[in-house]
**Student:** 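Let me begin by handing over the structure; questions about it come next.
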There are 2 protein chains.
Amino acid sequence: MPKTETFNRNQVLQNATAVFHKKGYNGTSMQDLVDATSLNRSSIYNSFGSKLGMFMEVLSHYQSLYKSQMGKELMHSHNASNMIKAIFDIYLKDIYGDRDRKGCLIVNCKSEMTNQEPLIKSFMEQNQEQTIAMLEDVVHNGQMEKIFNEDQTAAQYALYLYSSIQGLRMTGILTNNEEELKNLVNTVLTVLY
Amino acid sequence: MPKTETFNRNQVLQNATAVFHKKGYNGTSMQDLVDATSLNRSSIYNSFGSKLGMFMEVLSHYQSLYKSQMGKELMHSHNASNMIKAIFDIYLKDIYGDRDRKGCLIVNCKSEMTNQEPLIKSFMEQNQEQTIAMLEDVVHNGQMEKIFNEDQTAAQYALYLYSSIQGLRMTGILTNNEEELKNLVNTVLTVLY
DNA sequence: TCTTAATTGAAATGAACGTTTCAAAATTAA
DNA sequence: TTAATTTTGAAACGTTCATTTCAATTAAGA
C-alpha cells in the first residue's frame, strides 16, 4: 500500500501563507514557496496541483483561522455590544502585531485578483456573504436587545460594518498608532447607538 | 538640434494606467505596456526609465485626475455638507462606472506594494496625508458652521472618513448596487451630524 | 518479503520576464 | 545642408517564471 504524506500539511500551509501574505500572489514565485515550505517542487505540485491551487488552500486556511478566532470571542461575549467590540478588537490586534505592514491577506488578494481570477472572485463572494451574515446576526441581536438603534436594518448596518473593516485593514497598513485606531473604531461604532 | 518627443505623453500615461489598473503592478508585463501604449520598448525606457518609473508616473497622473475632479466639485459646493457629499459622490460614480471591478488604482497599489517598495510607501504616505488634510479642512469648516458636531476633532473625523473611503473602494469591487452603496455612504456620514 | 504507490531530488522544459544594445531613421536649429 | 540628438525597431541579454519529467527512494499493507 502507498506511502502516505509525511510533511505536516498545516505547517506547510502556515509557511506558505507567510510568503503569500508578504509578497502577494503575483509577487511570490514557486522558488519562494519551495524555500519557505522546505518542500520539494514536485511535492508541492503533487499535493497542491499548482501555485494557484496552493494559494486557494492558503486563503481557506487563513480564513478558517479568523473564523475560529471569531467564534471563540463570540462565545465569551454576552451582549451584542461586547461582541461587535470583540470582533473589531481582533482586527486591531492583528494590525498592532503586523510589524511589516502587510495588511490583511484576504483584502490584499481581493484587490489584486478578484477581477482577474474567477476562483478568487468566488472565494471573495462567499467570504463577503459569510462575514456580512455574521455581522448582520450580531446587529440584529443588538437591535432586539434595544442596545443598537433601528435607524437602518441589520443588513444595512452589516454592510456598513463590513466596509468599515476593510477600510480599517487598509488604514492599518500605514497607520498603526493604537490610540488613533481605537478612536477610529469607536467612531465607526457610534453609528449603532 | 534634438528631435523632440513625438508621442502624446498624456495619452501614453492614460493607456498605461488602464493596464496597470486592470492587472496590477506585478501582473503587468513590459510587453503589456508596449502593446497598450504602442510605444517601442526602447522609447519606454528612454522616457520612463523603468517599469517602476513608468508606474510612478501613472500613479501621479491618476492622483492628479482625482485632485482636479475634487477641486472642481469643491468649488461648486457652498457648505461643508455638500462638499463632503460631493466627494463621496465622485467615488460612487467611479464605482458605478467600473465595469470590470478593478477598484481604485491607489488602494490596490497600497495593498500590493507598500510593504515591498519604498518609493510606493512614500507615495502612499503623502497621498494619505494630503487626503486627510483635505477632509480635515472640510470637516473643520462644517464644525465652524455648526453643521457637523464636535464629538470628535476634525482630525479624528478626517481619519474616519479616509478609512471609510478605502472601505468603500474595497466594497465597490464586489458590490455595485447603487442603492446599497448610497445607503452605505449615508450611514458613514450620519456620524458627522 | 514483496507489491504498490507516493515522496523526493535534480534536472530540464519552453516561455516570459525586465532590461540593454545598437544601428538606422527622423527631426530640428544652425 | 549639416550637425546634433532623440526616436525607433529588432534582436539579444541573462534571469526567472511555472510546470514537467523521471529515476531513485521510501513506507505501508498483503
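Values below: every heavy atom of this structure, side chains too, minus hydrogens, waters and symmetry copies. Residue numbers begin at 1 in each chain, while the letters A, B, ... track the order of the sequences.
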**Student:** A/Y25 ring centre to A/K51 NZ or CZ under 6.0 Å, with the angle to the axis within 45°?
**Tutor:** yes
**Student:** Any idea which of D/dT19, C/dT8, D/dT8 is nearest the A/R41 side chain?
**Tutor:** D/dT19
**Student:** Describe the nucleic acid contact of A/S29 in one word from base, sugar-phosphate, nothing, applying a heavy-atom distance below 4.0 Å.
**Tutor:** sugar-phosphate
**Student:** For the side chain of B/Q31, counting heavy atoms from C-beta on, which of C/dC17, D/dT19, D/dG9 is nearest?
**Tutor:** C/dC17
**Student:** Which nucleotide in the set C/dT19, C/dA10, D/dT19 lies at the smallest distance from any side-chain heavy atom of A/N40?
**Tutor:** C/dA10
**Student:** Find the distance B/Y25:OH to C/dC17:P and express it as a whole number of Å.
**Tutor:** 13 Å
**Student:** Output the rounded distance in Å from CD1 (A/I44) to P (D/dC17).
**Tutor:** 13 Å
**Student:** Output the rounded distance in Å from OH (A/Y45) to C1' (C/dA10).
**Tutor:** 15 Å
**Student:** Examine A/F20 together with A/F55 and report whether their ring centres are nearer than 6.0 Å.
**Tutor:** yes
**Student:** For a quick test of reading the model: is some side-chain N or O of A/S43 closer than 4.0 Å to OP1 or OP2 of C/dT8?
**Tutor:** yes
**Student:** D/dT15 C1' sits how many Å from A/M30 CE, rounded?
**Tutor:** 19 Å
**Student:** Assign B/S38 to base, sugar-phosphate, or nothing according to its heavy-atom contacts below 4.0 angstrom with the strands shown.
**Tutor:** nothing
**Student:** As a test of reading the structure: which of D/dT20, D/dT7, C/dT19 is closest to the side chain of B/K51, going by heavy atoms?
**Tutor:** C/dT19
**Student:** Rounded to whole Å, how long is the line connecting atom CZ of A/F48 with atom P of C/dA6?
**Tutor:** 16 Å
**Student:** Do A/K22 and B/Q116 have a side chain donor and acceptor closer than 3.5 Å?
**Tutor:** no
**Student:** Measure CD/B/E117 against C1'/C/dG18 and give the value in whole Å, please.
**Tutor:** 14 Å
**Student:** Could you say whether A/D32 or A/G49 is positioned toward the 5' end of DNA chain D, judged by the nucleotide with the nearest heavy atom to each?
**Tutor:** A/D32
**Student:** Quick one: do the A/T171 and B/Q166 side chains pair a donor with an acceptor below 3.5 Å?
**Tutor:** yes
**Student:** Has the side chain of B/R169 got a donor or acceptor atom that lies under 3.5 Å from a matching backbone atom of A/G167?
**Tutor:** no
**Student:** Which of the following nucleotides, C/dT8, C/dT20, D/dA10, is nearest to the side chain of B/S42?
**Tutor:** D/dA10
**Student:** B/N26 has an atom CG; how far is it from atom C1' of D/dC17, in whole Å?
**Tutor:** 13 Å
**Student:** Please give, in whole Å, the distance from C/dT7 C1' to A/N8 CG?
**Tutor:** 16 Å
